[in-house]
Amino acid sequence: MTDLLDHPAGDLDAAAPAARWRLGEGFLLRVAGQAAGVTALLRTENAVAWTRRVFEREAARDAAGARLREEFEKALAELDGADPGRVALVNLRRDVYNARRPRPATLAKAAPLLTPARAALLTEWTRAMASVDEVMAEGMDVLGADLAAARARARELLADDALRCAVLLQSEVLERSMDRYLDPARKLDKSGRQIEWTLLELLYRAALKTSPFSTLTSVGLGRFTSDAARPVPEPVSLRQRSTVRLNVAVLARLSAVILADPGLRSEIPVALAPGASTDGEITRYVRRRTTAGADPDAVVALDGVHEDLFFLPSGPALNDVVTIARQDRLTLRELSERVAAAADDRTVETADQLLGHLLRLGFLLAPDLQIDLRAHDPAAAFAEALAARSHPTLRQVAAALADAGELIARYATTPARERAVLLAAIRRLVQDAFALAGAPERLVPRTLVYEDTTITSDGMATGRAAWEDRYLPSLAALADILPAFDLSLPRRLTALGFFRARYGSGGRCEDVERFCHEFQRDFFSPYGQRAMRRRAFDDGNNYVPQENWFKLPEIAALDRAREAASLHLRGLEPEAGTPEEIRLGPDFVDAVRAHLPADRRFDQPWSMFVQLASPAGRPGEGRLVLNQAYSGLTLMFSRFAHSLDLDGAGARELFADTLRRYTPPGAVLAELRGGYETTNLNIHPAVTDYEIVCPGDVSTRPPDERIPLDDIVMVHDEHADRVRLVSRRLDREVIPLYLGFLLPMALPEVQQALMCFAPGGMAQIDLWAGTGRPIPAEGITMYPRLVLGNLVLQRRMWKLNTQVFPFKDPGHTDAEHLLRVRRWRREHGLPDRVFARVDASGRGTAPDEDAGPARPGDDRKAARKPLPVDFDSWMSIQLLEQLARGASSRIVLTECSPGLDELWLRDEHGRAHVAEFLIELYDTARGQHG
């Protein structure tokens, strides 16, 4: 929308906030897989033009009717109250008011009472009524012809090979149905319309959204440099390069099945769970449990992982297991034999039974069957480990996985129409592997292959000075106040309060495992559940303070800062001439920042998902539009490092160097694996110098790079008032870092607790909550756009109850329904193009972009992406109605910004593409040392 660009930047003080923050070295560019212009080909423009003609004729009719009613008023005033024609004239006036054709009898009775001038006005109005009817009669023919042409163009677009590749991974059944829909000779039945809606939704998403999934969206790595002159990246090509991997959930489930089978597991080497210890009559360890995802139809199904401190009664047999397993690396059979030989009353069978229970309970682990998520190809490493065993079944399973790996290696270069055959062959091999291991076929995940696509890094270097001058002040001002909106900061502060309450100021905890267990059991779990249910504002728009069980002044300060943001907005109105926009100045930033503590504990790196809305031909100008803000420290980058480095982008080196530069003196960054070995979202190369080895983890890194959890002590630093994790061996502070794509609150319990003492954030910038404005009108509320300097914090949006949505009346034709929807859009001032989503919370305003980390159990039906809507397309209107029918309460519409005329990225053919920047901001107090 060009009105985004017609206003000068706000008067933010560029020096003050920008001095505290700097841009990271690199950025990720997320590029929509289809050119944005393809959506214009789906429009039914003749039908839309028809609705405009109807509105014009209706306007002429209503204008004539207004003049006629005025004359009728005069005529009635001139009549005697007992005149028998008065009733007919009143009825005729009512008919004109309701734009309804009068009955002949009414006309006959009223005609003698009309002067020639009034009769002429009646004739004019009657002709206007007929004119409306004439245009209305054209509707079905116009819409039918327009829809047929648009559907033919849609079939051409949907035949695109790149789109077909994504459809196949979304649903093999849908891909098999594509050709039936693409055949114009086939009649479009109910099933065909369902296929059309699903395919069109994917096409709109591929053209207008930037959420990486197969060929729908690609990513590219860029750098901010001092010697680059270009204000925006200019990649030499947007050609997609594919990276394909087997779903590691296949490996995790196979591993569980093999370890549950006494015959198959006998040759597998085993080891004690890290941190397992015996104290008198009790053996203690942290048990990790994995449960398969509950939804078999989920495209992205995450198996659940939980950890808890577990105690086993010690005894001679268990003590022998611990002693022997610590001395040597043995197979399960060898360990059974050694344990049996340690006592005269034991047999190998009873020892093996005991070890089977210990495997099931997670006391014993099988390192060779743990999935190495740091490997470029985890499946190949897993198959190699199985192939090294002598058991024929394990070797057969390894051979099936290796054969599947060979097919997967061919998948990226296989033409789109041949990929389904290849995928079916991969599925057969995986099913064979499960059958060989004795696993039921229901355990085979629906999704077997993950695909990421990247673009070249050539031409991606971008001028740092241009971004620092134009955009950094606004981004830095936002970063200054993000603590007020950070959902994770109260958890981190509360964990600090819990530690001080338990161990005292300056206290020390030597047993981190026990702390994590007690923290979760006694406090964090109920605290988190209450926090999730909390509403920030009550029905009276009064702020509801957060749970502050330890009376921490910092949490009270966050409450005051968040409340200050809403109070500030309550008094703001759009400026004259810009009713759709409210500009926030430095006074807004100061009002929020004034309540935040001045110490630097609140500063942490942030990653910003932003889009550039740029004037045509001036890509270095315009404004950024914020989609979301998450933790920095390469969290949102690293998942793509393996893929990006295929073209020599140097992603791993860049991320590792970024983290080293950020590391405070005297400390080390150590990565947490995340506990989830069942999702490809956690696959990335090692980018930290160290790794924390949690219970249940088996690290493949060199021993000097491992920091076992039992090597860490927790110490409260009274001067800094923060809890430091310190490695005994290194005698240095250890800062935990999670770089996977799961929300920290979704990690296993031990790692959740550790992340409470590490930098990390997730901001939900919901500025309209608690403002009490604007007043709803007929069930629809409009929220102006909120702009801070050169940054759009929140797009203009409309929230509406489903009761006011113009659902199709069964008695109306399609043309009449199109007219109704277009009229509804115009009456409420909705733009021609918006994004629609279901407001699942039923309160507040959720972020514009849900592109961030996943939560176990999420799938693409439950966490539905915003739907692009084009009111100039009958097919798009149908998609919107389908979304509205599935909504339980409220729908949120947001403006399409950047608009199609504000897109700056062009492919080799000159076509515009939607693009999104993922940039990072770092505290200037860190990262300056080498």
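A salt bridge links E510 and R728; the closest N-O separation between the charged side-chain nitrogens and carboxylate oxygens is under 4.0 Å. The residues R661 and E920 are annotated as not salt-bridged, no charged nitrogen and carboxylate oxygen being separated by less than 4.0 angstrom. At a threshold of 4.0 Å, the pair D590-R593 counts as salt-bridged, since one of the basic side-chain nitrogens sits closer than that to a carboxylate oxygen. Under the 4.0 Å criterion applied to side-chain N and carboxylate O atoms, R22 and D923 are not assigned as salt-bridge partners. Looking at R724 and E733, a side-chain N of the basic residue comes within less than 4.0 Å of a carboxylate O on the acidic one, giving a salt bridge. Using a cut-off of 4.0 Å between Lys/Arg side-chain N and Asp/Glu carboxylate O, R288 and E307 are scored as salt-bridged. Looking at E575 and R583, no side-chain N of the basic residue comes within less than 4.0 Å of a carboxylate O on the acidic one, giving no salt bridge.
R491 approaches C756 most closely through the heavy-atom pair O-SG, 4.2 Å. For the pair L496 and V723, the tightest heavy-atom approach, listed with the atom from each and the gap, is CD1-CG2, 3.7 Å. Closest approach of L596 to A484, counting heavy atoms only: CD2-N, 4.4 Å. Residues A753 and C516 share a closest heavy-atom pair of CB-SG, 3.7 Å. In plain terms, the two heavy atoms of L788 and L478 that are nearest each other are CD2-N, 4.2 Å. The shortest non-hydrogen separation linking F485 to I765 is CD2-CA, 4.2 Å.
The side chain to side chain donor-acceptor pair (under 3.5 Å) test with H306 singles out one residue from E749, R287, Q520, R289, and that residue is E749.
Contact of the P759 side chain with the L633 side chain is registered, since non-hydrogen atoms from C-beta on lie closer than 4.5 Å. With contacts defined as side-chain heavy-atom distances shorter than 4.5 Å, the pair Y783/K799 qualifies. I707 places a side-chain heavy atom less than 4.5 Å from the side chain of I712.
Using bins of under 30°, 30° to 60° and over 60° for the plane-to-plane angle, the ring pair F523/F550 lands in the tilted bin. Taking the six-membered ring where tryptophan is involved, the planes of Y285 and F310 are perpendicular, since the angle between them exceeds 60° and thus also 30°. Taking the six-membered ring for Trp and thresholds of 30 and 60 degrees, F311 and H517 have ring planes more than 60 degrees apart, a perpendicular arrangement.
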Practice item. Could you walk me through whether R530 and E547 pass salt bridge (charged side-chain N to carboxylate O under 4.0 Å, His left out), step by step? Key: CA-CA 8 Å; R530 292 172 65 90; E547 297 276 3; 2.5 Å; yes
Exercise for review: Could you give me the CA-CA distance, side-chain angles and deciding distance for S474 and N790, then say whether side chain to side chain donor-acceptor pair (under 3.5 Å) is met?
Suggested key: CA-CA 6 Å; S474 302; N790 269 328; 5.1 Å; no
Review point. Where do Y503 and F515 land on the side chain to side chain contact (heavy atoms under 4.5 Å, CB included) test, with the steps shown first?
Key: CA-CA 10 Å; Y503 297 98; F515 171 84; 3.7 Å; yes
Practice item. Using the side chain to side chain donor-acceptor pair (under 3.5 Å) rule, take Y738 and N682 through it: C-alpha gap first, then chi angles, then the decisive distance, then the call. Key: CA-CA 9 Å; Y738 172 67; N682 274 351; 2.7 Å; yes
Exercise for review: May I have the step-by-step check of ring pair (Phe, Tyr, Trp, His ring centres under 6.0 Å) for W467 and F224, ending in yes or no?
Suggested key: CA-CA 9 Å; W467 277 70; F224 291 114; 5.3 Å; yes
Review point. Can you list the steps and then say if Y630 with F741 is a ring pair (Phe, Tyr, Trp, His ring centres under 6.0 Å)?
Key: CA-CA 11 Å; Y630 284 108; F741 245 53; 8.8 Å; no
Exercise for review: Go through D486 and L482 one step at a time and tell me if the side chain to side chain contact (heavy atoms under 4.5 Å, CB included) criterion holds.
Suggested key: CA-CA 6 Å; D486 186 355; L482 278 181; 5.9 Å; no
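Side-chain atoms of R795 come within 3.5 Å of backbone N or O of S897 as a donor-acceptor pair. For the pair T771 (side chain) and S566 (backbone), a donor-acceptor distance under 3.5 Å is absent. Side chain of T924 to main chain of R20: a donor-acceptor pair is present (N/O by atom type, distance under 3.5 Å, no hydrogens or angles).
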